[in-house]
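Atoms within a ligand are numbered from 1 in the order they appear, just like the ligands themselves.
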Amino acid sequence: MYRSRPEGSIDREILNYVSSLEDDFVIFFYDIIGSEAHMIMLHEMGYLSRRELIELLQALEEAKLHLKPIMKKSEHEDVHEAIESFVVEKIGIGKGGMLQTARSRNDQVMADLKMKVRDDINEVSLLLGDLVESLLKRADSNKETVMLFYTHLQHAQIGTFSHYLLSYTESLFRDMERLKELYARINQSPLGSLAIGGSTFPIDRNRTASLLGFDQLSVNSIDATSSRDVIMEYLSCLSIIMITLSRISEDLILWATDEFKYIELADSASSTSSAMPQKKNPDPLEILRSKSARIVGNLTASLTILKGLPSGYSRDLQELKSLVFSSTATTASSLSMLRLVIETSIVHKTRMLEIAKNSFANAIDVAELLTSKGYLDFRSAHKLVGSLVKLAISKGKRTLGDLSGREIEQLFQASGYQIPLEALKEIIVACGAENVVTLRKSKGSPNHSEQVDMILHNKMRLTKIRDETADRKKAIDKAYDDLSRIVRSYILTSESRQPKGHP
Ligand code: ARG
């Protein structure tokens, strides 16, 4: 179709090598409506007669219905060539040959990709919202579920399971915000930029943009056709999401071990072993962990594709499409899968409490109380409690509360501490695992009222961000509905008007 200078046809093997038809199925719909919008604009500007427009739109609508299944077998480089050939075949070169007027595959493919990515952003945002909703539900029923928090994977402080779950809603909200900000940068139309340097036709770029639901123009024609920073940004957003999901998975995998036994995956979310009958394996979470590596790989590939490219379109950019499509699909399925795991996992509350009780993770609270009650400065309190922990461990005890009065007094005598024994014992009792969280006063800590506030606040944030996503979707749907109404209204009438003529 495009071979004006090169003679003969391209070598079949080379055609297969350069062809993007396989990936282009995903942008097929966008390419058709992009063409329809462009044709309508050309007609409105007087460069296509009504009759020409109607025939072009009819051919495009036919392509929409019939071309996709046969496209794979066609001998074209990409969806753009396949559609143009179909149209030319239907209505002849005289009319069909107008399809690419004032446009190039370079602005076209970026418009298609942006329409696809804005849909992907909305889909991923909604799935993030669903995961957040599940985390909030589980947080709500685990506000009193005491558990250990770890730093360096060593016992750190005592907290609640809800607090852990809510820590991840924060990241997921930031993911949604990142996507929302990116959406504004994605939703700018490159159409009408041509190959790199614009057109001699005084086309109305704003009109095609608004027909396709773009909020703005990507104005500079070089930038519009050859930059892909927004695509790299999208892949970065997905990578960040997947890394977060991978970390959640890692926690759950660890906590499902017999050594931890904090949670148990539902049978419906577990795999087993062909050899070991006792096995209940967290394979879905392991697969997620590993799929996250592929998403990061796709981001790295996109950065590397762009790294050495001169400005202006180069065919290298074609390879970005499959990276985007597979990253969206994997992120979307990972979000849904993890939501199912979160919703169905069994939480072993008693076991969590038991481990927290038999630990020294309240040591920091004991040291803080010694300071806040005026007995010691914090560093001295830290040293005293450290010595008490060391003493308890040396005596084979598992908590500070297991130390006897005599043992503590001996330590006081040896190290010269002047604290009333009873006061220290009271502090240790107050800092018991079941009670200690109620003593935490700072904002954002795991105490009950903070959990209630966070859940409430998160619910409000979720409603707002879901509404914003729904509004974005509605705006796209409206643009597509309006466009299809315009297309239908032209097709249903058969009046013709004379073209103004080409410049
Ligand atoms: N199939 C190409 C892509 O996906 C379309 C643009 C080709 N442009 C060109 N000048 N070769 O990027």
List ligand 1's nitrogen or oxygen atoms that come under 3.5 Å of a protein nitrogen or oxygen, with the partner atom and distance.
unit_1   : atom_1 : unit_2 : atom_2 : d
ligand 1 : 1 (N)  : Ser20  : OG     : 3.3
ligand 1 : 1 (N)  : Asp78  : OD2    : 2.8
ligand 1 : 1 (N)  : Gln318 : OE1    : 2.8
ligand 1 : 4 (O)  : Lys321 : NZ     : 2.4
ligand 1 : 8 (N)  : Asn106 : OD1    : 2.9
ligand 1 : 10 (N) : Asn106 : OD1    : 3.2
ligand 1 : 11 (N) : Arg105 : NH2    : 3.3
ligand 1 : 12 (O) : Tyr313 : OH     : 2.4

What is the ring orientation for Tyr262 with Trp255, classed by angle as parallel under 30°, tilted 30 to 60°, or perpendicular over 60°?
tilted

Side-chain contact, heavy-atom cut-off 4.5 Å: Lys459 with Leu136?
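Answer yes - side chains close enough.
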
Carboxylate-amine/guanidinium proximity below 4.0 Å for Lys473 and Asp119:
no

Between Glu123 and Lys116, does any side-chain N to carboxylate O distance fall below 4.0 Å?
no

Are Arg138 and Phe161 in a cation-pi contact, defined as NZ or CZ under 6.0 Å from the six-membered ring centre and within 45° of the axis?
no

Going by the rule salt bridge (charged side-chain N to carboxylate O under 4.0 Å, His left out), which residues pair with Arg472 if we only count those two or more places apart in sequence or in a different chain?
none

